[in-house]
Amino acid sequence: MAEPTAVWQERRPPDAHPIWHWSPASLTDLPRIRRELRASIAEHEATDGPPVADPDMFVLALDELMSNALRHGRTPVLVDVGRTDDAWLLTVCDRAADTPPRPALDRDPVEGGMGLGLVAHDAVQEGWYASEQGKHVWVVLR
C-alpha cells in the first residue's frame, strides 16, 4: 500500500481496458452510482471476471473521488473504471485542472476531509494529471 502524501504526484496512470463509465451531475447521483457499481462488480465476478479484492473499499474509493470532484472541482465530472493486467484503475475527471488533489493528513477527523488519505492508504498507486478535458485523479486498487 502506498503511503499518503500531502499532494498526490502528478503522473499518468497505467494503461487500462475501460470497463464502466458514469457522468454524475451532482452529489444526488452518487447513491445510484454506488448501487450500480456494486451490481456491476457482482455481475463481473459472476461471469468469471477478475475479482475485486475488497468491494466495499472499491466502492468507497470511487465515491470519495466522485464526491471530491463534485464538491471541489468543476463540472462536468467523468468517472471511469478500467482493468489493468492485475489491478483496477479508478479515474475521476473534473474541469478544475489547476487544482491538484490535496489529502488532509493532519486535520482532526471530526472536521472531515479524510477521504483522499483513506483512498491512498489502500491504493497500490495514486496520482493525477491535467489534460484538455480537465484534472484526472486516479487510483489503482487490487
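Taking all atoms of both residues into account, the shortest heavy-atom contact from Leu141 to Ala87 is O-CB, 3.3 Å. Taking both residues in full, the closest heavy atoms of Met66 and Pro24 are given as SD-CG, 4.4 Å, listed atom of the first, atom of the second, then distance. For the residue pair Trp128 and Pro101, the shortest heavy atom distance occurs at CG-CD, 3.5 Å. Heavy-atom minimum distance, Glu126 versus Arg11: O-NH2, 2.7 Å. In plain terms, the two heavy atoms of Asp29 and Ala25 that are nearest each other are OD2-N, 2.6 Å. Minimum interatomic distance between Ala96 and Gly73 (heavy atoms only, all atoms of both residues): CB-CA, 3.8 Å.
The closest donor-acceptor contact from the side chain of Asp63 to the backbone of Val59 lies at 3.5 Å or more, if one exists at all. Under the 3.5 Å distance criterion, the side-chain polar atoms of Glu45 are matched with a main-chain donor or acceptor of Val52.
Listed by first and then second residue, the salt bridge (Lys or Arg N to Asp or Glu O under 4.0 Å) pairs involving residues 70-79 are Arg74-Asp98 (not counting sequence neighbours).
Counting heavy atoms from C-beta outward, Thr28 and Leu30 have side chains that stay 4.5 Å or more apart. For the pair Leu90/Trp138, no side-chain contact is recorded, criterion being any heavy-atom separation below 4.5 Å from C-beta on. You'll find the side chain of Thr75 reaches within 4.5 Å of the side chain of Leu70, heavy atoms only. In this structure, Val137 and Asn68 have side chains that are not in contact, with every pair of non-hydrogen atoms separated by 4.5 Å or more.
Side chains of Glu36 and Trp22: a donor on one and an acceptor on the other come within 3.5 Å. Residues His136 and Ser131 have side chains that bring a donor and an acceptor to within less than 3.5 angstrom of each other.
If you chain together hydrophobic residues whose side chains sit under 4.5 Å apart, Leu62 and Leu78 never meet in one group.
Within the model, atoms NZ of Lys135 and CG of Asp94 stand 4.0 Å from one another, a figure rounded to the nearest 0.5 Å. Going from atom CD1 of Ile33 over to atom OG of Ser67 covers 11.0 Å, rounded to the nearest 0.5 Å. Expressed to the nearest 0.5 Å, how far CD of Glu43 lies from CZ of Arg38 amounts to 16.0 Å. With values rounded to the nearest 0.5 angstrom, Arg12 atom CZ is found 5.0 Å from Tyr129 atom OH.
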Hey, mind stepping through Asp54 and Arg142 against salt bridge (Lys or Arg N to Asp or Glu O under 4.0 Å) and telling me if it holds? CA-CA 8 Å; Asp54 184 347; Arg142 294 273 178 230; over 6 Å; no
For a side chain to side chain contact (heavy atoms under 4.5 Å, CB included) check, start with the C-alpha distance between Val140 and Trp88, then their side-chain angles and the critical distance, and finish with the verdict. CA-CA 5 Å; Val140 174; Trp88 294 91; over 6 Å; no
Output side-chain donor-acceptor pairs under 3.5 Å for residues 13-21, partner residues at least two apart or in another chain, one line each.
{"unit_1": "His21", "atom_1": "ND1", "unit_2": "Val79", "atom_2": "O", "d": "3.1"}
{"unit_1": "His21", "atom_1": "ND1", "unit_2": "Asp80", "atom_2": "OD1", "d": "2.6"}
{"unit_1": "His21", "atom_1": "NE2", "unit_2": "Ser23", "atom_2": "OG", "d": "3.4"}

